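Only a predicted model underlies this, so the values are computations on that prediction, with no experimental measurement involved. Just so it is clear: chains get the letters A, B, ... in the order the sequence lines come, proteins before strands, and each one is counted from 1.
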Amino acid sequence: MKRQEIKGILQSDAIGSTIKVSGWVRTKRESKNVNFINLNDGTVLSNLQVVADVTVFKEELLKKINTGAALTVIGELVESGGQQRVELVAKEIEVIGEADPDKYPLQPKRHSLEFLREIAHLRYRTNTFSAIARVRHSMIFAVHKFFTDKGFFNIHTPIITASDAEGAGEMFQVSTLDMSNPPRKENGEIDYSQDFFGKQTNLTVSGQLEGELAALALSKIYTFGPTFRAENSNTTRHLAEFWMIEPEMAFFDLNDNMDLAEEFLQYLIKYALDNCIEDLTFLSQRAQQEEKNKPQDQRSMELIEKLKMVSDNEFVRLTYTEAIQILQNSKPAKKGKFQYKVEGFGTDLQSEHERYLVEKHFKKPVILIDYPANIKAFYMKVNEDGKTVAAMDVLFPQIGEIIGGSQREERLDVLTEKMKAMDIPLDEMSWYLDTRRYGTVPHSGFGLGFERLITFVTGMSNIKDVIPFPRSPKNCEF
RNA sequence: UCCCUAGUAGCUCAGUUGGUUAGAGCGGCGGACUGUUAAUCCGUAGGUCGUAGGUUCAAGUCCUACCUGGGGAGCCA
């Protein structure tokens with residue numbers, strides 16, 4: 001007999017049929033005449049209730065059915081008198097894998113997220129983390145579907161790179177040299193010519209520069225790959241290893257870029273609402289429980305309501321200069337409530353300022369554009385005013401910056417001047433500059449932090465809970 | 001990296017101004033009862049209190065350093 005999955009069984013009308021299921025025990029309740037076993041196989045949030053008559057099965061067998069044990073059950077699907085629509089009356093039970101109840105760390109009770117993070121290899125077996133995993137998968141699929149439907153090509157940009165000019169953050173070095181005794185040059189510096197690649201190499205911090213190369217031939221491309229930053233960041237929204245989506249489009253100006261970013265985010269959120277509602281409803285209830293412990297003014301909107309709010313409403317678009325004005329005229333600024341003062345043009349916006357704009361002033365996502373040139377990366381296009389660049393940051397409630405992008409500087413002379421001013425070695429970047437030398441065109445792109453998106457969609461508050469195995473300073477378990 | 005905070009049984013926590021054999025709930029185990037729903041009731045076994053120093057007649061309880069977790073900031077996605 002072929003095994004059926006619980007997702008299908010729970011929707012099945014085949015009352016009276018004999019079926020075979022396999023899964024892991026969530027809870028077992030013992031009665032005088034029958035045992036109730038909640039079985040979950042991860043295909044869906046809900047469990048299948050298996051009813052085992054104590055007169056049919058040996059006590060020896062029933063004792064092995066503990067939380068965490070793996071079972072295969074053959075039985076008859078019947079209507080249930082309890083809370084669930086259907087249940088399985090067991091005829092045969094096989095314990096495939098036992099789980100010693102004295103040692104198995106997951107108990108039929110609520111665990112803290114911090115504890116579950118320590119046993120990340122087992123946390124998939126909880127409702128919360130299996131729900132997150134399913135939502136995460138749906139979002140991966142939706143990303144590829146969105147771009148495919150729009151005629152984008154997916155590009156695999158390199159994981160190991162030799163360029164360290166991107167400036168997106170500290171890099172992890174990749175080397176096969178003997179770290180305890182590396183070969184050295186006469187001046188004492190490490191001799192990387194003897195390293196695997198014959199030069200110093202790192203894990204990528206962004207696929208953007210390589211993405212630009214492809215976009216300037218294929219028109220519209222996107223990358224979706226791992227990204228590594230060796231920043232010593234200890235926050236709820238940073239990881240040392242995370243996944244980033246970076247579309248890059250030839251012949252797109254900043255407005256086209258913003259339109260795409262907004263449409264993309266709304267598409268993803270709508271996709272989650274349309275395809276993951278059972279998991280989202282569970283995650284919402286989970287979040288509401290947590291909210292009860294917070295003071296009234298710090299509570300956030302109910303998850304599904306929040307997702308609909310973002311997917312159904314246009315984002316606010318305003319310039320950096322307009323944002324500065326709003327902030328300077330804001331109540332917290334006048335009352336001196338901001339920790340960092342807004343000094344006028346040139347001030348780098350702090351997260352308290354971004355949060356004020358998104359959560360208090362506009363109460364919806366905001367796209368900020370035209371930042372001062374000196375606080376942004378070298379490749380961003382200089383605007384006509386000469387002091388701002390065509391940058392855009394999409395700011396979300398709670399998350400902050402979920403997307404960062406720009407129209408790229410396509411003019412060779414302007415770009416090289418800027419690189420010189422920022423001490424970026426032109427010779428190492430000659431391959432990049434070739435795009436501007438030969439058939440250069442206006443183009444734009446952005447980067448979406450995938451885990452930040454998942455954090456928002458699932459309503460989780462720590463980014464370490466939306467990636468299966470988080471890598472962060474002092475933590476590389478599993 | 002900086003600031004704040006925590007580190008006590010498997011988990012979540014309580015341990016009063018430092019003072020005799022360190023407590024509870026949940027979970028586990030044993031039993032009772034029951035078509036149950038993180039069942040209920042009774043009983044029972046688990047810890048020397050993050051690590052290393054120090055103060056003191058006496059430290060889980062005070063001090064110092066380190067480690068780890070959590071929150072916030074910076075950096076950013």
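For B/A38, its base never sits under 3.5 Å from the side chain of A/Arg26 at any donor and acceptor pair. Donor-acceptor pairing under 3.5 Å, judged by distance alone, is present between the side chain of A/Asn234 and the base of B/U1. No N or O donor and acceptor, one from the side chain of A/His111 and one from the base of B/C11, sit under 3.5 Å apart. Evaluation of atom-type donor-acceptor distances gives no pair under 3.5 Å for the side chain of A/Ser233 against the base of B/C76. A donor and an acceptor atom sit less than 3.5 Å apart, one in the side chain of A/Lys109 and one in the base of B/C11.
Residue A/Gln84 is classed as a base contact, given a heavy-atom separation below 4.0 Å to a base. Backbone-only engagement by A/Ile402 is indicated by non-hydrogen atom pairs under 4.0 Å involving sugar-phosphate atoms exclusively. Using a 4.0 Å heavy-atom criterion, one finds that A/Lys376 contacts no nucleic acid atom at all. Within the nucleic acid shown, A/Thr67 has no heavy atom closer than 4.0 Å to any nucleic acid atom. Among the atoms of the strands shown, only primed sugar atoms or phosphate atoms (P, OP1, OP2) are found under 4.0 Å from some heavy atom of A/Gly404. Within 4.0 Å (heavy atoms only), A/Glu87 reaches at least one base atom of the nucleic acid. Among the protein residues, A/Lys28 comes within range of no part of the nucleic acid, since none of its heavy atoms lies under 4.0 Å from any strand. Across all strands, A/Asp102 comes closer than 4.0 Å only to sugar-phosphate atoms, never to a base (heavy-atom distances). If you check every strand for non-hydrogen atoms under 4.0 Å, A/Phe242 touches a base. Nucleic acid contact class of A/Asn462 (heavy atoms, under 4.0 Å, all strands): sugar-phosphate only. Here A/Glu114 lies in heavy-atom contact (under 4.0 Å) with sugar-phosphate atoms only. As judged by a 4.0 angstrom heavy-atom cut-off over every strand, A/Glu30 is placed among the base-contacting residues. Using a 4.0 Å heavy-atom distance criterion, A/Arg237 is classed as a base contact. A/Tyr104 comes within contact range of no nucleotide atom at all, as no heavy-atom separation falls under 4.0 Å.
Looking at heavy atoms from C-beta onward, A/Pro468 lies in side-chain contact with A/Arg136 at the 4.5 angstrom threshold.
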Could you list the protein-to-nucleotides 40-46 of chain B atom pairs, N/O on both sides, closer than 3.5 Å?
none

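The listed nucleotides are B/U37, B/U12, B/C29; the one nearest the side chain of A/Pro101 is B/C29. Proximity note for A/Thr236 (side chain, C-beta onward) versus B/G72, B/G35, B/G28: the nearest is B/G72. Side-chain proximity of A/Lys32 to the nucleotides B/U34, B/C11, B/U36 is greatest for B/U34.
Defined by atom type and a distance below 3.5 Å, a donor-acceptor pair is present between the side-chain atoms of A/Glu87 and A/Ser80.
Base orientation of B/G46: syn, the glycosidic angle falling within 90° of 0.
Taking the P atom of each, B/U20 and B/A59 are spaced 11 Å apart, rounded to whole Å. The separation of B/G50 from B/G7, taken at their P atoms, amounts to 8 Å, rounded to a whole angstrom. One P atom belongs to B/C67, the other to B/C76, and the distance between them is 27 Å to the nearest Å.
Counting only residues at least two apart or on different chains, the ring-ring contact (aromatic ring centres under 6.0 Å, His included) pairs with a member in residues 457-478 of chain A are A/His121-A/Phe478, A/Phe469-A/Phe478.
Applying a 4.0 Å cut-off to non-hydrogen atoms, none of the residues of residues 120-131 of chain A approaches RNA chain B.
Counted within 6.0 Å of NZ on A/Lys376, heavy atoms from surrounding residues, nucleotides or ligands total more than 12; the atom is thus considered enclosed.
Side-chain rings of A/Phe338 and A/His353 approach one another, their centers coming within less than 6.0 Å.
Among residues two or more places apart in sequence or in another chain, the side-chain hydrogen bond (donor to acceptor under 3.5 Å, both in side chains) test is passed with A/Lys387 by none. Applying the side-chain contact (heavy atoms from CB on, under 4.5 Å) criterion to A/Ser112, with sequence neighbours excluded, gives A/Glu114, A/Phe115.
With the 3.5 Å cutoff on both pairing distances, Watson-Crick and G-U pairs in RNA chain B assemble into runs of at least 3 at B:1-7 with B:67-73, B:10-13 with B:23-26, B:28-32 with B:40-44, B:50-54 with B:62-66.
The only member of A/Arg355, A/Lys306, A/Glu359, A/Arg237 that meets side-chain hydrogen bond (donor to acceptor under 3.5 Å, both in side chains) when paired with A/Gln398 is A/Lys306.
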